[in-house]
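First comes the structure, then the notes that go with it.
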Amino acid sequence: MVRKLQRRFILITMVSVISIFILILAVLNISVSYSAMQRGYDTLQDYAMRDTADGIKALDTPDRNWFDNMRVLYVAYDSKGNIEDFSAGGNPDMTEAVLLSMASSALQQSKEKGRLGSYLYLLSETEDGTCLYFLDYGMEKSMSLRLLRICLYVGLLGIVLIFIPVFFLSRWITKPVQTTFDKQKQFIADASHGDKKILLVRNTGNGIPAEDQKHIFERFYRSEASRNRKYGGYGLGLAIASSIVTVHKGQLTVKSDEATYTAFTATFL
């Protein structure tokens with residue numbers, strides 16, 4: 001029973017810790033991913049705002065960040081929907097066919113911005129038509145996954161380290177229960193003599209006066225009239241208990257110091 005209680009304490013504690021860890025990990029990962037994605041959209045918006053004011057121009061201009069110039073791609077359409085211009089930036093892995101296929105897929109989604117694989121896109125209206133910007137989101141995505149793995153490793157290590165004190169804490173918490181249980185088993189062993197089986201029930205309180213102990217097993221007998229008015233009852237409980245013990249060839253007796261305790265002993269042959 002005590003081991004079962006100990007296992008239940010460990011289970012509940014560890015499930016709570018793991019749940020909190022998963023929640024923190026989810027919030028952290030979502031927050032980092034959303035932040036990185038928002039920065040990507042801000043970069044695309046910056047390109048779109050400047051190009052709307054100046055007209056579509058090459059990305060490798062001196063006033064723009066060279067790293068972003070390598071990651072930003074665009075496809076420009078005229079007012080009739082024909083491709084007017086496009087650029088793969090400095091991405092050596094991007095071909096014209098793949099870029100135009102991505103642009104077609106983005107237009108079919110009919111959204112101002114979104115994500116296609118490892119690319120973010122932004123649709124911007126210009127005076128001469130429409131321009132579709134893409135940003136290579138692979139680096140941010142890779143960093144988010146790396147951060148997630150690091151958090152998982154650290155979290156797993158933390159769970160193992162937390163389990164050790166929880167295990168010893170469970171033993172400390174259940175120790176009083178184990179002590180009480182052992183005393184009860186010892187009492188039952190000590191209360192059995194030969195063929196006799198003895199059951200002792202003891203409680204603390206005001207005790208029972210000696211005069212009342214002589215009549216306490218009689219039907220409808222109630223001691224302390226003021227107490228009976230408060231708690232009620234008909235004086236049948238102990239009489240019934242005595243009858244049951246007698247039927248099973250036993251004897252029910254009472255012992256009290258009239259002040260601090262009362263003990264009922266059932267002796268069976």
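Computed from a prediction, not measured in an experiment: that's the story for all the values here.
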Please say yes or no: joined through hydrophobic side-chain contacts below 4.5 Å, possibly via intermediate residues, are [X] and [Y] part of one cluster?
X    : Y    : result
L169 : I164 : yes
F163 : L157 : no
L152 : I30  : no
L123 : L100 : yes
V166 : V17  : yes

Could you tell me whether a side-chain N or O of [X] sits under 3.5 Å from a main-chain N or O of [Y], the two making a donor and an acceptor?
X    : Y    : value
N29  : S33  : no
R71  : D136 : yes
T13  : I10  : no
Y119 : M102 : no
T246 : S242 : yes
S19  : V15  : yes

For [X] versus [Y], what's the shortest heavy-atom pair and its separation?
X    : Y    : result
L116 : Q109 : CD2-NE2, 3.2 Å
G40  : L120 : CA-CD1, 3.9 Å
G155 : F21  : CA-CE1, 3.2 Å
L99  : S87  : CD2-O, 3.6 Å
I208 : S256 : N-OG, 2.9 Å
F217 : T253 : CZ-C, 4.0 Å

Roughly how far, to the nearest 0.5 Å, is the [atom2] atom of [Y] from the [atom1] atom of [X]?
X    : Y    : atom1 : atom2 : value
T262 : I216 : OG1   : CD1   : 7.5 Å
L148 : L25  : CG    : CG    : 5.5 Å
L147 : S142 : CG    : OG    : 11.0 Å
L122 : L132 : CG    : CG    : 8.0 Å
Y34  : M37  : OH    : CE    : 9.5 Å
K4   : L11  : NZ    : CG    : 12.0 Å

Worksheet item: Given R115 and Y121, is the side chain to side chain contact (heavy atoms under 4.5 Å, CB included) satisfied, shown in steps?
Response: CA-CA 6 Å; R115 186 171 62 177; Y121 71 85; 5.8 Å; no
State, yes or no, whether a side-chain contact exists between [X] and [Y] at a heavy-atom distance under 4.5 Å.
X    : Y   : value
L107 : Y77 : yes
Y41  : Q45 : no
I22  : I18 : yes
F134 : M94 : no
I159 : M14 : yes

Practice prompt. With side chain to side chain contact (heavy atoms under 4.5 Å, CB included) as the test, would you mind laying out the steps for I83 and D78 before giving the verdict?
Written response: CA-CA 7 Å; I83 297 175; D78 60 21; over 6 Å; no
Practice prompt. I would like to know whether D257 and T260 meet side-chain hydrogen bond (donor to acceptor under 3.5 Å, both in side chains); could you show each step before the answer?
Written response: CA-CA 6 Å; D257 66 352; T260 60; 2.4 Å; yes
Worksheet item: Does atom CD of E112 have more than 12 heavy-atom neighbours from other groups under 6.0 Å away?
Response: no
Item to complete: Report the C-alpha separation of F86 and L73 in whole Å, then their side-chain angles, then the decisive distance to 0.1 Å, and conclude whether the side chain to side chain contact (heavy atoms under 4.5 Å, CB included) test is met.
Response: CA-CA 8 Å; F86 65 88; L73 306 78; over 6 Å; no
Discussion item. Under the criterion side-chain hydrogen bond (donor to acceptor under 3.5 Å, both in side chains), I'd like the reasoning laid out for Q251 against T267: C-alpha separation, chi angles, the key distance, then a yes or no.
Written reply: CA-CA 5 Å; Q251 182 181 10; T267 305; over 6 Å; no
Item to complete: Check the pair K255, Y261 against side chain to side chain contact (heavy atoms under 4.5 Å, CB included), reporting the backbone distance first and the verdict last.
Response: CA-CA 8 Å; K255 182 179 179 181; Y261 81 92; 3.6 Å; yes
